[in-house]
Amino acid sequence: MNLAPAGSARTPVEVTARDFPTNRGGLCRKGWTSAELLRHPERLTEPLVRDAGGVLRPASWEEALGRIADEVRRAQAAHGPDAVGIFGGGGLTNEKAYLLGKFARVALGTSRIDYNGRFCMSSAAAAGNRAFGIDRGLPFPLADLGAADTVLLLGSNVAETMPPFVQHLAGAREAGGLIVVDPRHSATARLTDDGAGTHLAPAPHTDLILLLGLAHVVVNDGLLDSRYLAERTQGLEAVIRSVAPWWPERVQAATGVPADLLRRTAHRLAESARTGSCYILTGRGIEQHADGTDTVTAAINLALLLGLPGSRRGGYGTLTGQGNGQGGREHGQKADQLPGYRKITDPEARAHVARVWGVPEASIPGPGLPAVELLRTLGTDDGVRALLVHGANVVVSAPDVSAVREGLRRLDFLAVSDFFLSETAREADVVLPVLQWAEEEGTMTNLEGRVLRRRRAIAPPPGARSELWILNRLAELLDAPSAFPTEPEVVFEELRAASAGGPADYSGISYGLLDGGAEAYWPYPEDSEGTPRLFLDRFAHDDGRARLVAVRAQSPAWSGSRPAVEEFQLATGRLLEHYQSGAQTRRVEALSAAQPEPRLQLHPAPAARLRIAAGSWVRVTRSGGAAPSAVSSLDAAAATGAAAATGAAAATSPEVLCQVELTLDIRPDTVFLPFHFSGLAAANQVTESRTDPISGMPEFKTTRVLVEPTGFPPADAGLIHAPREERQ
């Protein structure tokens with residue numbers, strides 16, 4: 001993406017698209033309109049500090065940073081180093097993610113750091129590390145997909161979430177080999193229509209069973225790649241035993257996918273793996289579960305049975321979700337990691353990083369808490385008492401956001417760095433205005449593991465500052481050891497040294513190399529040319545072999561049959577026009593006009609039973625929650641807002657109020673809500689905080705909910721989206 005040259009602060013900024021291998025000159029609607037945010041009237045341009053009356057007022061940088069430093073000292077003096085926590089973001093540059101992790105461990109001495117990528121990529125990362133010994137979203141260049149005649153795409157609606165990606169599926173579609181797994185007939189599923197491929201629509205939360213069923217057919221019909229498995233893997237016998245119970249007819253009973261279609265799909269994958277080019281790709285739809293790591297592992301097992309990873313005829317990969325979703329998880333934002341994707345519990349890794357930082361190894365804290373657990377501790381006696389948030393909007397993006405909001409209000413102190421007054425920033429005691437993408441230098445790492453340069457295109461507003469500058473000043477105020485550079489290139493040079501020898505080795509990459517147009521795929525040790533394709537010779541485990549890991553699924557308790565009270569499985573996801581928590585895209589006029597509010601997608605059959613018409617207002621509550629109140633929905637909304645304003649518990653169970661869109665594109669047992677909206681329109685009001693025991697990923701995709709008509713009048717819809725202060 002490029003920007004036209006800018007003049008004064010009021011000169012319009014125009015976006016143009018580079019002809020780059022991943023996007024081939026295309027952008028989605030969010031990309032084409034992104035420049036509107038750079039000079040948006042709601043842009044934060046000076047620090048804000050909450051005064052004694054509870055009002056956020058403008059303040060100097062000296063006052064704001066001094067307040068943060070004082071509150072950090074106060075919390076740690078009273079409760080210890082881990083009383084201060086940091087919550088980072090997958091949109092930060094590599095330099096900012098690296099320095100934020102260093103700041104936590106060196107300047108604060110806290111283990112309590114994690115980031116919003118835990119809600120996005122953690123299950124795929126855990127499964128990749130377990131199977132291959134390393135986690136890189138795509139272990140091959142994206143352009144390789146162009147030669148594929150078969151692509152199995154599980155749980156990703158790329159046609160809406162990353163439209164330029166669809167170009168890479170053209171070959172598979174032309175060959176009739178695009179296979180999309182999604183309970184909805186989404187925009188991506190529609191790409192399989194008219195002979196272009198196959199849409200498998202399993203029942204909610206049965207993806208793992210579907211994958212075990214495909215593997216069962218591969219094993220029982222003799223379709224596996226025996227030579228590859230013998231030479232390059234271990235664990236085959238346990239996997240064969242684990243898939244034995246899932247014959248096609250049993251899978252059909254559990255998932256709703258016809259047995260003959262399951263067999264045809266498995267044979268198509270195997271034939272393509274032998275004679276063509278076959279890829280298996282996963283996305284959030286199968287990963288954002290309390291068993292997400294095992295589900296992704298089942299997808300990897302299927303790919304290994306077919307001999308795909310590390311071959312010239314295909315592979316396995318996962319699609320990264322955030323702007324720097326790959327780089328953001330490599331250099332220290334995660335609770336259990338040090339730079340270079342090193343484990344914080346590894347003595348050699350700790351010693352190496354300590355030497356780079358110039359601190360004693362023993363001073364580096366051990367592993368902290370993954371994001372959901374970290375948020376649960378907010379304001380508790382033994383938990384985080386002061387929190388610094390960088391590049392995240394947890395009041396919208398976290399599961400069970402009502403509990404998260406209550407936790408933020410229990411804190412002794414909250415500071416948020418952002419460029420808009422997001423829903424999370426509205427809760428803060430100090431808000432720091434930071435730079436946007438076009439105003440800063442740095443690097444990002446894309447879904448292929450390719451490191452890219454971000455160059456400053458325009459000058460930032462005079463009052464905004466980079467997170468690098470903020471961390472440098474706070475480190476000085478806290479008398480921190482080690483250096484905290486403010487220049488991105490200097491930070492990157494330190495990152496190179498810290499990552500050297502690690503799984504994500506950047507030591508051979510420099511700004512000069514990137515500015516010269518080099519294709520820099522990590523690992524990129526010094527004196528190398530990088531690694532565009534991983535696993536061609538060996539996997540990253542010590543013996544060079546990939547691990548087949550047996551995983552098991554239970555027959556689902558959720559059968560899709562209609563109980564006495566109509567229940568649905570709630571799936572959440574993205575819209576074409578919006579991104580993540582919507583803090584940015586809801587401020588772009590064209591995007592907001594196209595999708596101003598969430599619509600609950602509901603099949604007409606259950607809608608008829610519940611007497612719900614298209615466009616009518618409904619209440620969505622978690623199944624098993626408190627019975628609906630007798631008061632009107634408008635009164636309930638007002639009561640919820642008033643309770644939130646005082647910090648009191650809401651009088652009713654968490655709920656979402658929204659209008660209905662009737663569609664045949666969704667299963668009758670499933671409803672869908674986008675997660676980009678706030679207040680009583682926030683889908684994460686009702687999502688659960690259960691997590692995967694391996695990855696810490698929340699269960700975003702299969703919350704059981706009730707849907708009830710409310711008669712809520714559209715004229716009062718503004719109350720749903722209004723900020724807390726405006727609802728008082």
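The shown structure was predicted, so the numbers you read here are calculated from the model rather than taken from an experiment. Numbers here are sequence positions counted from 1.
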Requested in this report: Carefully, step by step, assess Phe492 and Tyr511 under the rule ring-ring contact (aromatic ring centres under 6.0 Å, His included).
Outcome: CA-CA 8 Å; Phe492 189 81; Tyr511 274 32; 5.4 Å; yes
Query - Residues Asp294, His289; criterion side chain to side chain contact (heavy atoms under 4.5 Å, CB included); working and verdict - result: CA-CA 9 Å; Asp294 283 353; His289 294 292; over 6 Å; no
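Heavy atoms of other residues, nucleotides or ligands lying less than 6.0 angstrom from CD of Glu174 number 12 at most. A 6.0 Å sphere centred on CG of Asp542 holds no more than 12 heavy atoms belonging to other residues, nucleotides or ligands. At most 12 heavy atoms of other shown residues, nucleotides or ligands fall within 6.0 angstrom of atom CD in Glu529. For Arg312, the CZ atom sits in a loose shell: 12 or fewer heavy atoms of surrounding residues, nucleotides or ligands are nearer than 6.0 Å. A 6.0 Å sphere centred on CG of Asp515 holds more than 12 heavy atoms belonging to other residues, nucleotides or ligands. When the shell of 6.0 Å around CD of Glu487 is examined, it contains 12 or fewer heavy atoms from other residues, nucleotides or ligands.
Asn324 and Thr445 make their closest contact through OD1-N, 2.7 Å (heavy atoms, listed as atom of the first residue, atom of the second, distance). Ala299 and Thr282 get closest at one heavy-atom pair: CB-CG2, 3.8 Å.
Judged by the 6.0 Å and 45° rule, Lys102 forms a cation-pi pair with Phe484.
A donor and an acceptor atom, one from each side chain of Asp149 and Ser277, are nowhere located under 3.5 Å apart. A donor-acceptor contact closer than 3.5 angstrom is absent between the side chains of Ser397 and Asn116. Side-chain contact of Arg130 with Thr297: a donor-acceptor pair under 3.5 Å is present, judged by distance alone.
Summarising the geometry, atom CZ belonging to Arg268 is positioned 3.5 Å from atom OG1 belonging to Thr150; distances are rounded to the nearest 0.5 Å.
Classified by interplanar angle (parallel below 30°, tilted 30° to 60°, perpendicular above 60°), the ring pair Phe119/Phe87 is tilted.
Qualifying ring pair (Phe, Tyr, Trp, His ring centres under 6.0 Å) partners for Phe132, counting only residues two or more places apart in sequence or in other chains: Phe535, Phe539. Remark: Tyr228 pairs with no residue by the ring pair (Phe, Tyr, Trp, His ring centres under 6.0 Å) rule, at least two apart or across chains.
Between Leu308 and Leu304 there is no side-chain heavy-atom pair separated by less than 4.5 Å. Between Thr93 and Pro488, the closest side-chain pair of non-hydrogen atoms is not below 4.5 Å.
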